[in-house]
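The structure appears below as structure tokens.
In the text below, chain A, chain B and the rest are named by the order of the sequence lines, each starting its count at 1. All values below come from the heavy atoms of this structure, side chains included, with hydrogens, waters and symmetry mates left out. Note that the coordinates shown come from a computational prediction; the quantities given were computed from them, not determined experimentally.
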2 protein chains.
Amino acid sequence: MRQDNRLPRVLHALLHLDGMKDPATSDQLAEMLNTNAAVVRRTMAGLRDQGILTSIKGHGGGWQLARPLDEITLAEIYKALGAPTLFALGCGDEDSQCLMEKAANTATARALEMASQTFIQVLSSVTMADLADDFELRMKELGLTPEDFAYEGTGQH
Amino acid sequence: MRQDNRLPRVLHALLHLDGMKDPATSDQLAEMLNTNAAVVRRTMAGLRDQGILTSIKGHGGGWQLARPLDEITLAEIYKALGAPTLFALGCGDEDSQCLMEKAANTATARALEMASQTFIQVLSSVTMADLADDFELRMKELGLTPEDFAYEGTGQH
DNA sequence: GAATCACGTAACATTAAAAGTTACATGATT
DNA sequence: AATCATGTAACTTTTAATGTTACGTGATTC
């Protein structure tokens with residue numbers, strides 16, 4: 001299949017949302033993420049259901065953070081996305097009859113399982129606040145200020 | 001993309017090859033692996049180039065192990081396959097301009113990198129002989145003998 | 001209360017890479 | 001010389017994310 005970029009995309013979106021006082025519309029986020037509004041809604045739906053984001057309909061509506069960044073771990077976000085398939089590699093047919101195939105599949109599955117645990121463990125140890133810190137560091141390194149990253153919205157609602 | 005099952009498939013094939021004294025043709029292996037000969041040749045090409053397998057053309061030819069199983073680690077096999085993409089997850093655009101996107105991508109990439117290291121590490125710690133042992137254990141648990149797994153070839157060449 | 005805005009969602013097209021398939025060239029054996 | 005088996009190219013199929021379009025529903029504004 002195609003590569004699944006939902007996780008980094010959502011992380012990116014959340015960082016932008018943190019810097020805004022008004023809700024951001026799906027269209028605004030779509031522009032930031034170089035995609036379109038339907039993809040944004042579809043992707044963020046899980047985060048809303050999980051209580052990470054709030055969505056507001058109607059005039060002045062859009063997406064907002066439901067919690068401060070330091071109370072959101074990357075693992076929680078990954079889970080909110082439905083914990084999508086991590087690996088492009090498979091471990092063969094689940095219920096094969098051949099015992100040699102079973103040995104081969106089990107060995108592959110074990111390596112994948114260990115890797116998966118590492119992945120989740122790393123995600124669990126990082127919060128969105130850590131990403132915000134990383135962003136600020138990068139900004140200072142370039143001698144920029146937060147104003148350079150404020151979203152240029154219409155301000156009308 | 002579709003799932004990549006080359007690794008478990010090749011492991012399976014090597015276990016079968018270990019039990020045979022004559023070379024196995026691509027057609028024979030294809031039958032064991034539930035695929036066809038061209039896929040077998042394409043998949044095993046890397047293992048031949050890496051000196052794990054030998055391929056012999058012509059009458060009585062086919063595929064053979066080039067080394068004993070305890071001198072072949074799973075990591076070496078994975079590398080011989082070209083170290084195919086491990087993850088279905090991507091970490092976003094490599095050279096994005098947005099610093100927030102960079103922070104998001106970097107965090108994702110870090111988690112993937114750690115997971116990848118774990119994967120390789122586990123593969124490095126397992127040899128094909130370990131898989132053969134696992135197979136024998138499964139066989140004994142079912143009260144079967146090696147003869148039950150000998151390939152029923154034509155014997156003609 | 002009508003118009004507008006923005007999310008919610010369904011349906012369909014696009015995309016990318018492994019896997020499946022077919023065909024034929026090359027080399028080895030009989 | 002005929003046959004067997006690999007080597008390889010070209011093309012089709014498969015699968016799930018992504019892109020796209022369209023329309024329903026709820027909230028706000030005037």
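At least one side-chain nitrogen or oxygen of A:S55 sits closer than 4.0 Å to the OP1 or OP2 atom of C:dG8. At the phosphate of D:dT6, OP1 or OP2 sits under 4.0 Å from a side-chain N or O atom of B:S26. For B:R41 and D:dA5, the shortest distance from a side-chain N or O to OP1 or OP2 is not below 4.0 Å.
Closest approach of B:N5 and A:C91 over heavy atoms only: OD1-N, 3.6 Å. Summarising the geometry of A:S116 relative to A:L86, their closest heavy-atom pair is CA-CD2, 3.9 Å, with the distance given to 0.1 Å.
Counting to the nearest Å, the C1' atom of C:dA18 and the CG atom of A:L89 are 11 Å from each other. Per the geometry, NZ belonging to A:K57 stands 4 Å off C1' belonging to D:dG26, to the nearest Å. Atom-to-atom, CG of B:D22 to C1' of C:dT29 comes out at 15 Å; the value is rounded to the nearest Å. Here the C1' atom of nucleotide D:dC4 and the NE2 atom of B:H59 are 4 Å apart, to the nearest Å. One interatomic measurement links the two molecules: CG of B:D4 to P of D:dT14, which rounds to 18 Å at whole-angstrom precision. Going from atom CD of B:Q3 over to atom P of C:dA19 covers 9 Å, rounded to whole Å. Protein atom CD1 of A:I56 is 16 Å distant from nucleotide atom C1' of D:dT25, rounded to whole Å. For B:M44 and D:dT6, the CE to P distance is 9 Å, given to the nearest whole Å.
For A:R48, the side-chain atoms get nearest to C:dT9 when compared with the rest of C:dT30, C:dT9, D:dT6. When the nucleotides D:dA27, C:dT30, C:dA19 are ranked by their closest atom to the side chain of B:N5, C:dA19 comes out on top.
Applying side-chain contact (heavy atoms from CB on, under 4.5 Å) to B:M128 and the options B:D70, B:I52, B:L74 leaves one that passes, B:L74.
Here A:A24 lies in heavy-atom contact (under 4.0 Å) with sugar-phosphate atoms only.
The closest side-chain heavy-atom distance from B:M44 to B:L29 is below 4.5 Å. In this structure, B:C98 and A:H12 have side chains that are in contact, with non-hydrogen atoms separated by less than 4.5 Å.
Ring orientation note: the planes of A:F87 and B:F87 are close to parallel, at an angle under 30° on the 30°/60° scale.
Nearest-nucleotide positions on DNA chain C for A:G62 and B:T43 put A:G62 closer to the 5' end.
A salt bridge links A:E76 with A:R67: at least one charged nitrogen is closer than 4.0 Å to a carboxylate oxygen.
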Each nucleotide N or O in nucleotides 19-21 of chain D that has a protein N or O under 3.5 Å away: list the pair and distance.
{"from": "D:dG19", "atom 1": "OP2", "to": "A:R9", "atom 2": "NH1", "distance (Å)": "3.1"}
{"from": "D:dG19", "atom 1": "OP2", "to": "A:T35", "atom 2": "OG1", "distance (Å)": "2.8"}
{"from": "D:dG19", "atom 1": "N7", "to": "A:R42", "atom 2": "NH2", "distance (Å)": "3.0"}
{"from": "D:dG19", "atom 1": "O6", "to": "A:R42", "atom 2": "NH1", "distance (Å)": "3.2"}

